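Read the structure below first, then the notes.
Sequence positions, counted from 1, serve as the residue numbers for this chain. For clarity, every value in this text was computed on a predicted model and none was experimentally measured.
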Amino acid sequence: MNSSSGRRRSLPVAGIVLGALLAGSLALRSWAALAVVSPWMSPDEESYAALGRSLWHGDGLSVLGHHGGYLSLFYPLVVGLPLSLSGPHLGYDLAKVLQAGLMTAAAVPVYLWSRSLMPRAYALLAAALTLTLPGLAFSGFLMTETLFYLVFVLTAWAMAATLVSPTLRNQALLFGALVLAVGTRLQAVVLVPAFVLAVALRFAFDRRRGDVRALAPFLVGVALLTGVWLVFTLASGRSPLGAYGVVGSASYSVGAALRFMLYHLADVVLLVALVPAVALAILVVDAARGREASDRARAFLAVGVALTAALVAEVGLFTSQLLGRLGERYLLGLAPLLFMAFALWLSRGAPRPRVTTAAALVVALALLAILPVRFFSEAAEPDAFSVIPLYHLSAAYPGTDVRVFLFAVAVDLALLFLLVPRRYAWTLAAATASLLIATSVYASRVVADQARGFESVMVGSQPAWIDRYADGPVAFVYANELSWSGGSPVWVNEFWNRRIDRVYVLNGAVVDGPMPVSGATLQADHTLSLDHATTTPPPSFAVTGPGVVPLGTRIAASANGVWTLWRLRSNPPAVTAPPPG
């Protein structure tokens, strides 16, 4: 009687605690996201925003009326709604709050999934740690990470459920989750081979011969969908990889790829503050030895290992050639799985078999030791938030090898893991949470500062200045100003100002991303001569940088004094082009 009453009381208590965690995270993450005053990961953020607005306006995946190539479908749909319904400032703020909600919501499936593996208190711990990850600072960025964090957890959960019970319902849910994942981020195609690996690992953990016939509906569905996608894209003359076609055409070095895979495995250890990674290793070794009695736990561990291997391999291969630094943001979805493993390990009494524990700690420390110093650089700020404090430490103390500091902290955690009595194992959770929260706070402040600096350099403190003064179509004339940014001034001004409907580039200036541009030449008489014929009427206004003076009247200037808005002369026209045909 008392036991039953206690269980009834524990349910609302757990719900209240989870609700408080979610509400607190949403409030804090929204506050931090709103401090990011402008998109600054160009052209990615502005591209997604443009595609999202275009979708909601019925123009498909396009940028300024031109097909933008496939980057994502579901993320632009999500973020494009607030951006298209409101003015640029309010819409941008609403989008960031929405994203904070999406990233926070990942704790819900983590809790529900964990409840099938461990008691409520430990499930709440896994959910709480999910909310401490520094990567949640992406709530302030218009990036697919904000939706994919939740989608990845849902997909992993569906994988585990299918491994436990491969019913048609579970396979259908898994298929839908994979479609959602790939539709959010095309790189999620790696989840298909990851699931195949998880199936093999599950059979290995169960010590039985595999029989995949029960998974035939799912596998047939994946094959059919893949075939349809290949036929559709190839028939239309597009790459099956969409805007990521360059990934398939790049030349990769086996040695470099393997090194970067090791680097990113080390980054997984860093991402979760070491302890959860070691806990997962201990549980996996026990499962491989046939010592894991729980069917659900074996499925969870198979999925965790398979997804870690698949993502580390994919991200390592990609970054070895096309990024050259840590791509931690592509690994964020793994963290909730490692937090779940940590909570499961704690719920089992924090077992620490000597050989396994020592080996796992040695491997984790060795991985952190091989991370190159060059990865602790300013470039980490948009791609690897866990490294940001290390970069700033090295900047504050030039000549210092910050790996020594990193290794010292890691050794302290390793000693705590080894020596803390079982009854005080909760201190491991406290230490892990403290490190992650501190890094989250620091990363959030840094990205907010970066956004303010980026806005100041690119456009100034009043970014919607063009729409304020122009009452007709505006051409942005880009002459390679701030060329190191890959044309970011074009993207930032286009994001904030809806009047911009075309971009002219002078002297072969380059604008990265799917922005459509027209080549032009500034003639001696100050007319802008387009390189190619067009049927589009000439613009009424133009925005130019320093030294570019078209025929027209100066109307206004950006707050930072870099850009000037001109009302162009219409007769004779200030913009000319060869006749069509």
What verdict does the side chain to side chain contact (heavy atoms under 4.5 Å, CB included) test give for Arg29 and Ser440, after you've listed the backbone C-alpha separation in whole Å, the side-chain angles of each residue and the deciding distance to 0.1 Å? CA-CA 10 Å; Arg29 294 298 181 179; Ser440 287; 3.4 Å; yes
Please step through side chain to side chain contact (heavy atoms under 4.5 Å, CB included) for the pair Glu292 and Phe205, ending with a clear verdict. CA-CA 8 Å; Glu292 178 55 68; Phe205 291 163; over 6 Å; no
The test is side chain to side chain contact (heavy atoms under 4.5 Å, CB included); show your working for Met515 and Ser47 and say whether it passes. CA-CA 8 Å; Met515 176 67 69; Ser47 296; over 6 Å; no
Given Leu311 and Leu334, is the side chain to side chain contact (heavy atoms under 4.5 Å, CB included) satisfied, shown in steps? CA-CA 8 Å; Leu311 260 66; Leu334 294 175; 4.0 Å; yes
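Side-chain atoms of Lys96 come within 3.5 Å of backbone N or O of Val36 as a donor-acceptor pair. When atom types are taken as modelled, the side chain of Arg213 and the backbone of Ala216 share no donor-acceptor pair closer than 3.5 angstrom. The backbone N or O of Leu129 lies less than 3.5 Å from a partner atom in the side chain of Thr132, making a donor-acceptor pair. A distance-only check finds a donor-acceptor pair linking the side chain of Trp56 to the backbone of Leu77 [under 3.5 Å]. Ser54 places a side-chain N or O within 3.5 Å of a backbone atom of Gly60 that can act as its donor or acceptor partner. Using a distance-only test at 3.5 Å, with no hydrogens or angles considered, a donor-acceptor pair links the side chain of Ser320 to the main chain of Leu317. Without hydrogens or angle criteria, Ser84 side chain to Leu81 main chain gives a donor-acceptor distance under 3.5 Å. Proximity of a side-chain donor or acceptor of Ser25 to a complementary backbone N or O of Leu21 within less than 3.5 Å is not detected. In terms of modelled atom types and a separation under 3.5 Å, the side chain of Arg207 and the main chain of Ala288 share a donor-acceptor contact. Under a 3.5 Å cut-off, the side chain of Ser116 and the backbone N or O of Trp113 do form a donor-acceptor pair.
Summarising the geometry, atom CG belonging to Leu436 is positioned 11.5 Å from atom CG belonging to Leu131; distances are rounded to the nearest 0.5 Å. Rounding to the nearest 0.5 Å gives a distance of 10.0 Å between OG1 of Thr146 and CG of Leu136. Note that CG of Leu326 is 4.5 Å distant from CG of Asp267, once rounded to the nearest 0.5 Å. In this structure, CG in Leu142 is found 10.5 Å from CG in Asp44, a value given to the nearest 0.5 Å. One distance of note links OG1 of Thr308 with CG of Leu338; it measures 5.5 Å at 0.5 Å rounding. Here the CG-CG distance, from Leu301 to Leu344, works out to 6.5 Å after rounding to the nearest 0.5 Å.
With salt bridges taken as basic N to acidic carboxylate O contacts below 4.0 Å, one links Arg53 and Glu494. We find that Asp286 and Arg289 are not joined by a salt bridge, their nearest charged nitrogen and carboxylate oxygen being 4.0 Å or further apart.
The distance between the ring centers of Phe148 and Tyr75 does not fall below 6.0 angstrom. Annotation: Phe339 is not in aromatic contact with Phe342 [ring centroid separation under 6.0 Å not met].
Here the side chains of Met103 and Leu150 are not in contact, with every heavy-atom distance at 4.5 Å or above. Within the 4.5 Å cutoff, the side chain of Trp496 has heavy atoms near those of the Pro39 side chain. Side-chain contact between Glu328 and Asp383: absent, with no pair of heavy atoms (C-beta onward) separated by less than 4.5 Å. Under the 4.5 Å side-chain criterion, counting only non-hydrogen atoms from C-beta, Val190 is not in contact with Phe195. The shortest side-chain heavy-atom distance between Trp157 and Leu112 falls under the 4.5 Å cut-off. Side chains of Tyr149 and Gln99 form no contact here, defined as non-hydrogen atoms less than 4.5 Å apart. Annotation: side chain of Pro382 is in contact with side chain of Met41 (closest heavy-atom distance under 4.5 Å). Side-chain contact between Leu98 and Val79: absent, with no pair of heavy atoms (C-beta onward) separated by less than 4.5 Å.
The two residues Leu283 and Arg348 have their closest heavy-atom pair at CD2-NH1, 4.4 Å. Taking every heavy atom of both residues into account, Pro76 and Leu55 meet most closely at CB-CD1, 3.8 Å. Minimum interatomic distance between Leu271 and Ala335 (heavy atoms only, all atoms of both residues): CD2-CB, 4.1 Å. Between Arg498 and Gly87, the shortest heavy-atom contact is NH2-C, 4.4 Å. When all heavy atoms of Ala100 and Leu26 are compared, the closest pair comes out as C-CD1, 3.9 Å. The shortest heavy-atom contact between Val275 and Thr432 is CB-OG1, 3.7 Å.
A donor-acceptor contact closer than 3.5 angstrom is absent between the side chains of Thr144 and Ser72.
Among Leu174, Val303, Leu173, Thr167, the single residue meeting the side chain to side chain contact (heavy atoms under 4.5 Å, CB included) criterion with Thr162 is Leu174. Considering Phe454, Trp40, Tyr92 in turn, Tyr92 is the only one that fulfils the ring pair (Phe, Tyr, Trp, His ring centres under 6.0 Å) rule with Phe495.
The 12-atom threshold is not exceeded at CG of Leu168, counting heavy atoms of other residues, nucleotides or ligands nearer than 6.0 Å.
Using a 30° and 60° split on the angle between ring planes, Phe138 and Phe385 fall in the parallel class, below 30°.
Judged as a side chain to side chain donor-acceptor pair (under 3.5 Å), and not counting sequence neighbours, Gln171 has no contacts.
Each salt bridge (charged side-chain N to carboxylate O under 4.0 Å, His left out) pair with one or both residues in residues 140-152, not counting sequence neighbours, appears once here: Glu145-Arg185, Glu145-Arg329.
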